[in-house]
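Please read the structure below before turning to the comments.
Everything numeric in this text was worked out from a predicted model, so none of it was measured. We're numbering straight along the sequence, starting at 1.
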Amino acid sequence: MTLRTIAAAEAAPALERFDAVIDVRSPAEFAEDHLPGAVNWPVLDDEQRRVVGTLYVKDSPLAARKVGAAMVARNIAAHVEQWVQDKPREWQPLVYCWRGGQRSGALAWFLDQIGFRTTRLNGGYKAFRLVVRDDLAALPQGLQFTVVAGRTGSGKTRLLHALAQAGAQVLDLEAMACHRGSVLGGLPNQPQPSQKRFDTLLWQALRAFDAQRPVFVESESRRVGAVQLPDALVARMREHSRCVRVQMDDGARVQLLLQEYGFFAQQPERFCELLGALTELQGKERVKRWQAMARDALWPELFGELMREHYDPLYERSMQRNFAGLATSQPLALADGGDDALRAAAHTLMQAG
């Protein structure tokens with residue numbers, strides 16, 4: 001058969017037309033980021049890639065290719081034996097590596113020789129990455145965002161979940177970033193994705209939205225933990241979006257925070273370590289007092305103080321400075337973070353359009 005190639009700009013919006021998207025890069029490269037839906041069939045694993053790279057630099061390209069060819073042949077044979085035996089003649093895979101070179105070329109050639117309608121991604125992951133970056137600069141401009149604003153603990157994230165369950169279009173940036181967006185926002189046992197992985201997840205979400213319907217999103221800053229939002233998305237959210245301001249009384253907010261951050265009760269020293277990052281803003285004495293409250297398990301009192309003395313003033317300054325639609329925002333009262341209140345609020349927002 002004739003091995004085909006496809007440009008990244010053509011393949012990226014039509015990946016579902018392939019029966020499999022096969023990433024032949026090493027597991028570490030795959031873990032950093034990969035095309036949506038891809039499976040990892042490494043033709044060189046991480047250690048083999050290191051060995052071949054060292055040979056290339058310290059000996060010669062020829063020596064590296066000799067050793068690498070044997071490794072690649074054995075790995076491809078293992079993949080064919082494990083993954084290909086049950087595939088029908090009509091199976092159509094897309095194969096890619098870093099730049100669309102020798103690694104993807106080797107596996108694609110074998111699959112083509114077997115008789116499968118195989119396509120190789122021209123330019124590999126690197127070309128796909130350029131498509132993602134270009135699209136992240138363009139896609140936000142065509143979307144209508146409704147920014148859900150509100151002080152810390154007012155139920156913004158829970159409201160987004162209720163909206164999604166009710167059928168609304170929701171961009172949950174904190175879920176993609178595996179982070180709640182504050183000093184204390186890291187999720188237990190959930191490391192954040194790489195910047196590239198976050199970008200790809202965001203690209204998938206933005207592409208899937210219907211531009212004729214509103215997209216609900218939380219009022220995030222430019223960074224969510226360690227990952228950064230694209231400038232075009234930040235500008236669209238801040239300058240050309242409708243704002244809705246969620247309001248909840250302080251007692252209910254404290255109760256919600258106790259639920260969301262209750263895991264810190266089992267690791268107070270970790271909590272105290274994170275609080276240390278607030279020293280420059282709040283001063284040593286105040287932070288030390290908060291750390292002592294955490295060690296004494298005075299969690300309701302501590303979260304109340306953190307809200308009033310740190311998060312609320314910081315949030316108000318940031319919102320007033322950055323979100324043009326805040327001055328004319330609609331207030332939305334939430335009695336608490338319970339399911340009934342959230343469902344009612346989601347219904348209200350969706351009816352408002």
Side-chain angles (χ1 to χ4, degrees), residues 1-46 48-49 52-53 64-65 68-139 193-194 196-209:
M1 302 190 71
T2 302
L3 181 62
R4 295 170 293 178
T5 61
I6 187 172
E10 180 184 352
L15 294 174
E16 64 279 357
R17 83 188 216 198
F18 298 99
D19 295 314
V21 179
I22 304 173
D23 186 325
V24 306
R25 298 175 303 157
S26 70
E29 292 173 287
F30 182 82
E32 183 181 23
D33 187 35
H34 49 268
L35 271 64
V39 294
N40 191 204
W41 295 10
V43 298
L44 290 173
D45 64 26
D46 295 321
Q48 290 169 336
R49 184 166 174 257
V52 171
R65 291 192 184 103
M71 292 176 174
V72 167
R74 285 192 291 268
N75 290 333
I76 289 177
H79 292 316
V80 169
E81 289 176 347
Q82 183 173 5
W83 305 114
V84 175
Q85 300 306 312
D86 63 342
K87 299 298 185 289
R89 183 179 181 83
E90 297 76 23
W91 186 61
Q92 298 186 46
L94 172 68
V95 182
Y96 72 93
C97 60
W98 168 241
R99 290 185 297 185
Q102 293 178 335
R103 287 187 289 175
S104 59
L107 178 63
W109 183 86
F110 270 98
L111 295 176
D112 178 73
Q113 291 300 301
I114 291 171
F116 299 122
R117 293 172 61 81
T118 306
T119 303
R120 184 162 60 94
L121 183 62
N122 190 29
Y125 170 81
K126 188 175 182 180
F128 167 75
R129 173 71 178 162
L130 292 176
V131 171
V132 169
R133 292 174 61 183
D134 288 345
D135 282 355
L136 288 179
L139 288 170
S194 69
K196 291 179 180 178
R197 187 69 195 140
F198 176 78
D199 289 347
T200 297
L201 294 172
L202 180 57
W203 174 81
Q204 282 183 266
L206 293 177
R207 283 190 61 252
F209 290 137

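Under the 4.0 Å criterion applied to side-chain N and carboxylate O atoms, R129 and D199 are assigned as salt-bridge partners. Ion pairing of K196 with D33 is absent here, as no side-chain N (NZ or NE/NH1/NH2) approaches a carboxylate O to less than 4.0 Å.
The cationic group of R120 does not satisfy the cation-pi geometry with Y96, failing either the under 6.0 Å distance to the six-membered ring centre or the 45° limit from the ring axis.
Among all heavy-atom pairs drawn from P13 and A9, the shortest one is CD-O, 3.2 Å. In terms of heavy-atom proximity, S104 sits nearest to C97 at OG-SG, 3.2 Å. Here the closest heavy-atom approach between residue L35 and residue L15 is recorded as CD2-CD2, 4.0 Å. Of all heavy-atom pairs spanning E10 and R17, the tightest one is OE2-NH1, 3.8 Å. Between A106 and V72, the closest heavy-atom pair is CB-CG1, 4.0 Å.
Under the 4.5 Å side-chain criterion, counting only non-hydrogen atoms from C-beta, V52 is in contact with M71. Between D23 and V39 there is no side-chain heavy-atom pair separated by less than 4.5 Å. Looking only at side-chain heavy atoms (C-beta outward), L94 and I6 come within less than 4.5 Å of each other. Side chains of P93 and V21 form no contact here, defined as non-hydrogen atoms less than 4.5 Å apart. R25 places none of its side-chain heavy atoms less than 4.5 Å from the side chain of R49. A 4.5 Å side-chain heavy-atom check between T5 and L121 finds every atom pair outside the cut-off. Under the 4.5 Å side-chain criterion, counting only non-hydrogen atoms from C-beta, K87 is in contact with F116.
Ring centroid separation for the pair W41 and F30 does not come in under the 6.0 Å cut-off.
W203 contributes atom CH2, which lies 9.0 Å from atom CG of L136 (distance to the nearest 0.5 angstrom). Atom CD1 in I114 sits 9.5 Å away from atom CH2 in W109 (nearest 0.5 Å). Remark: Q102 CD to L44 CG distance equals 10.0 Å, nearest 0.5 Å. W98 CH2 to E29 CD: the interatomic distance, rounded to the nearest 0.5 Å, is 8.0 Å. Rounded to the nearest 0.5 angstrom, T118 OG1 and D112 CG are separated by 5.5 Å.
The closest donor-acceptor contact from the side chain of Q85 to the backbone of V80 lies under 3.5 Å. Listed for the H79 side chain is a donor-acceptor partner under 3.5 Å among the backbone atoms of P42. Side-chain atoms of D19 come within 3.5 Å of backbone N or O of Q92 as a donor-acceptor pair. Between the R117 side chain and the E90 main chain, no donor and acceptor come within less than 3.5 Å of each other. In terms of modelled atom types and a separation under 3.5 Å, the side chain of T200 and the main chain of F198 share no donor-acceptor contact. Side chain of S194 to main chain of E32: a donor-acceptor pair is present (N/O by atom type, distance under 3.5 Å, no hydrogens or angles).
Side-chain atoms of S26 and D45 form no donor-acceptor pair, as typed in the model, at a separation below 3.5 Å. At a cut-off of 3.5 Å, with distance as the only test, a side-chain donor of N75 or Q48 sits close to an acceptor on the other residue.
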Are N40 and H34 close enough, and set up right, to give a side chain to side chain contact (heavy atoms under 4.5 Å, CB included), and what steps lead you there? CA-CA 9 Å; N40 191 204; H34 49 268; over 6 Å; no
In sequence, state the C-alpha distance, the side-chain angles, and the governing distance for I22 and L111, and then conclude on side chain to side chain contact (heavy atoms under 4.5 Å, CB included). CA-CA 11 Å; I22 304 173; L111 295 176; 4.2 Å; yes
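Residue R4 qualifies as enclosed at atom CZ: its count of foreign heavy atoms under 6.0 Å is above 12.
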